[in-house]
Amino acid sequence: MKRTDYISWDEYFMGIALLSAMRSKDNNSQVGACIVSPENKILSLGYNGMPIGCNDDDMPWEREGDDLNTKYMYVCHSELNAILNSPHNDLTGARMYVTLFPCNECAKAIIQSGIKELIYLSDKYHDTHASIASRRMFNMTGVKYRAYQPTGREIHLEV
Ligand SMILES: [Zn+2]
């Protein structure tokens, strides 16, 4: 008889998104994303970080102050990294697991890439304009989104 307590696809891929988030150098926000084909094959991974070639030690990680000296000008979000760094050209019909509901900029990239379903963990910015705009675009374009249901077997990460 086979094992019965193996993890589900959702647990597996959200687990990998959580593990990816642990690579982030950001003190305040660690986000991970995992893109999966309809056949449950991993197509790409990402976490929030500075653009390739921008030295992490020379870049600002602050959240406040002169905007040129905040991280917001520079950091690539996990979703954008997962899309842009994918070795696969075509993400049509794929789904994305992400540890935090996407901002509007990432929502645009998700839609343009052809990803059709989003599974997210935290939705702590639900009421911000960024999240509202994301949902508006997903609803218009038919990108499905649903909250991941934790099972208690996940890697622990503050998100
Ligand atoms: Zn984003």
Going by heavy atoms in the side chains, are [X] and [Y] under 4.5 Å from each other?
{"X": "Asn69", "Y": "Glu62", "answer": "no"}
{"X": "Asp5", "Y": "Arg153", "answer": "yes"}
{"X": "Lys25", "Y": "Tyr47", "answer": "yes"}
{"X": "Ile119", "Y": "Arg95", "answer": "yes"}
{"X": "Thr151", "Y": "Gln149", "answer": "no"}
{"X": "Tyr72", "Y": "Arg63", "answer": "yes"}
{"X": "Met14", "Y": "Leu121", "answer": "yes"}
{"X": "Asp56", "Y": "Met59", "answer": "no"}

Looking only at atom types and distance, does a side-chain atom of [X] sit under 3.5 Å from a main-chain N or O of [Y], one as donor and one as acceptor?
{"X": "Arg23", "Y": "Gly32", "result": "no"}
{"X": "Ser134", "Y": "Ala107", "result": "no"}
{"X": "Trp61", "Y": "Asn28", "result": "no"}
{"X": "Ser131", "Y": "Tyr125", "result": "yes"}

Problem set entry | Pairwise distance CG(Leu43) to CD1(Ile83) - rounded to 0.5 angstrom | 11.5 Å

For this session: Of all the heavy-atom pairs spanning Ser24 and Asn48, show the shortest one and how long it is.
Result: OG-OD1, 3.1 Å

Exercise. If you take all heavy atoms of Glu79 and Leu100, which pair is closest and at what distance?
Worked result: OE2-O, 4.0 Å

Problem set entry | Ionic contact status for Asp10 with Arg146, cut-off 4.0 Å | yes

Problem set entry | Exercise: do Asp90 and Thr92 side chains pair donor with acceptor under 3.5 Å | yes

